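Notes follow the structure.
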Protein chains: 2
Amino acid sequence: MKIKQNINVAVDIALFGYKDNNLHILLVKQGFGQFKNQWVLPGGFLKDNEGLLDGAKRELLEETGVNISSLEQLYTFGDNINRDPRARVISVAYLATANPSKMKLKADTDSIDVAWFEYIKIPKLPFDHNQIIKTAHTRLKAKLNYQPIGFELLSAKFPFSDLENLYMTILQRKIDRRNFRKKILGFNFLEETGEIKKHGSGRPALLYKFNRRKYMESLKEGINFEIKFA
Amino acid sequence: MKIKQNINVAVDIALFGYKDNNLHILLVKQGFGQFKNQWVLPGGFLKDNEGLLDGAKRELLEETGVNISSLEQLYTFGDNINRDPRARVISVAYLATANPSKMKLKADTDSIDVAWFEYIKIPKLPFDHNQIIKTAHTRLKAKLNYQPIGFELLSAKFPFSDLENLYMTILQRKIDRRNFRKKILGFNFLEETGEIKKHGSGRPALLYKFNRRKYMESLKEGINFEIKFA
DNA sequence: TCAAAAGTGTTGAGTTTACACCCATGC
DNA sequence: GCATGGGTGTAAACTCAACACTTTTGA
């Protein structure tokens, strides 16, 4: 079958990380071409013999050194035929979450730098990458309502306040500490470790960890978690 | 920018309709090529200078005569590199709903027939079209929980039982009539028309219509509607 | 008068929200 | 002893689920 089409297919990845009490997103600095030295989302062109998801994983690994097993397809951007000024390109965007402290970044193929950017301080990016990031954030917020989120973003052991903070950061609003704690603990996918964490001042915090098995169950079944409380 | 890629981009549309108390989906019979005379989802290749959504609308119109203004991007299928045996094709699938009674079907460019198929009786289709339909149905079910659905699927004036039936058909299970009515009426986007509809036997039904303004508000704001009740 | 479909309320259980003070530590 | 962040309970309001009989029509 001969098809005369001149459209290119790219994949882009919006990888969220949580560190320093703030939501971050991973960007790479382009190493070549018209947008050389500009920060963009990791991503690139799909290979002819490669599945979309595989392409996304490959690009992420090549450009950032980050190996993520679970990427979720976010949206395919291709309504604006000039979204890439160099050629007609549609981009299948993927969403993922990870814990930045666990990984070392490594620029490589096509990229000359990699870094975590604070979500609220993302600069203006080429293409429609700001829009992709916004869409990814909207999806992430929506996911909080029906899926437990945290396992991938936090360290193995963490004070409860980290989880509180993570939720407030993603949702970008205050939530009631007592009600939040009640609800989360009610899901039973958290366990106390018995350890405590001291920090400069204030009462030391008990450290919690995810019970992986129960967490995965909840992931599958979904949770009903609309945090409406102020 | 020169990119050596040999990947084609298609769009496919899963259009749901509700008639004869059953959920239907629109299929077309291919008029040419390897899959000539086979039923498939309406769709086709994107043009170089055409946005994805525009392409989906165009293909739907060309192949079925149906003009739909609101299509929702569903998912992009491209993990299986052999999903189309003729060439490497990724397909951006769209989801829409419509009222079959309002439209005349018209096969044209590329298609030699168009018809509504009962959802539960869809035959085995070429490519991954059965999977696309399944994904579309899953999304449609999910949408019931957070969006009012019905406006596009039902006639302008309808008995309440049509809406009940529609929900039961999409969800594929029984729901409690009293609770359903209470909940739906509570949203205030339905209005009594004052008219009644007689049918063979049984008590005649009051006819309702959607209050378009309030319906659209609810669409935007979303609704919280998990129909758990048996 | 019977069959068919439409219409209609209440109650108990569970969930959600709102809200404020004490505790353990470092300095 | 004070500043800092951690930890805790209850009551009122609301929402949800379960459940069965009456009404209106045509045949």
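In what follows, every chain begins at residue 1, and chains take the letters A, B, ... in the order their sequences are listed. Not measured: the values here are computed from a predicted model.
The nearest pair of heavy atoms linking B/Y215 to B/P148 is OH-O, 3.1 Å. The two atoms that bring B/L74 and B/I132 nearest to each other are CD2-O, 4.0 Å, heavy atoms only.
In this pair, B/F160 and B/F180 present their aromatic rings perpendicular. The plane angle is above 60°, beyond the 30 to 60° band.
In this structure, the ring of A/Y167 has its center no less than 6.0 angstrom from the ring center of A/Y18. The aromatic ring centroids of A/F35 and A/F127 lie less than 6.0 Å from each other.
With rounding to whole Å, A/F160 atom CZ is found 10 Å from D/dT8 atom P. Atom CZ of A/F187 and atom P of C/dT15 are 11 Å apart (whole Å). As rounded to whole Å, 13 Å separates atom C1' of C/dA5 from atom CG of B/L206. When the P atom of C/dA5 is taken as reference, atom CG of B/D162 falls 13 Å away, rounded to whole Å. Per the geometry, CG belonging to B/L207 stands 12 Å off C1' belonging to C/dA6, to the nearest Å. Atom CG in A/D176 sits about 15 Å away from atom C1' in C/dT15, given to the nearest Å. Atom CZ in A/R173 sits roughly 13 Å away from atom C1' in C/dT17 (whole-Å rounding). To the nearest angstrom, C1' of D/dG7 lies 10 Å from CD of A/E164.
Judged as a salt bridge (Lys or Arg N to Asp or Glu O under 4.0 Å), and not counting sequence neighbours, A/E152 has no contacts.
Checked against C/dC19, D/dT10, C/dT8, the side chain of B/R178 finds its nearest nucleotide in C/dT8. For A/K183, taking side-chain heavy atoms from C-beta onward, the closest of the listed nucleotides D/dG7, D/dC16, C/dT16 is C/dT16.
At a cut-off of 3.5 angstrom, the base of D/dG7 holds no donor-acceptor pair with the side chain of A/R181. With hydrogens and angles ignored, a donor-acceptor pair under 3.5 angstrom links the side chain of B/N179 to the base of D/dA18. Evaluation of atom-type donor-acceptor distances gives a pair under 3.5 Å for the side chain of B/K182 against the base of C/dT10.
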Can you name the atoms? Protein N/O to nucleotides 25-27 of chain C N/O, anything below 3.5 Å, with the distance.
from   : atom 1 : to     : atom 2 : distance (Å)
C/dT25 : O2     : A/G202 : N      : 3.4
C/dG26 : O4'    : A/G200 : O      : 2.9
C/dG26 : O3'    : A/G200 : O      : 3.3

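A donor-acceptor contact shorter than 3.5 Å is absent between the side chain of A/H137 and the backbone of A/R139.
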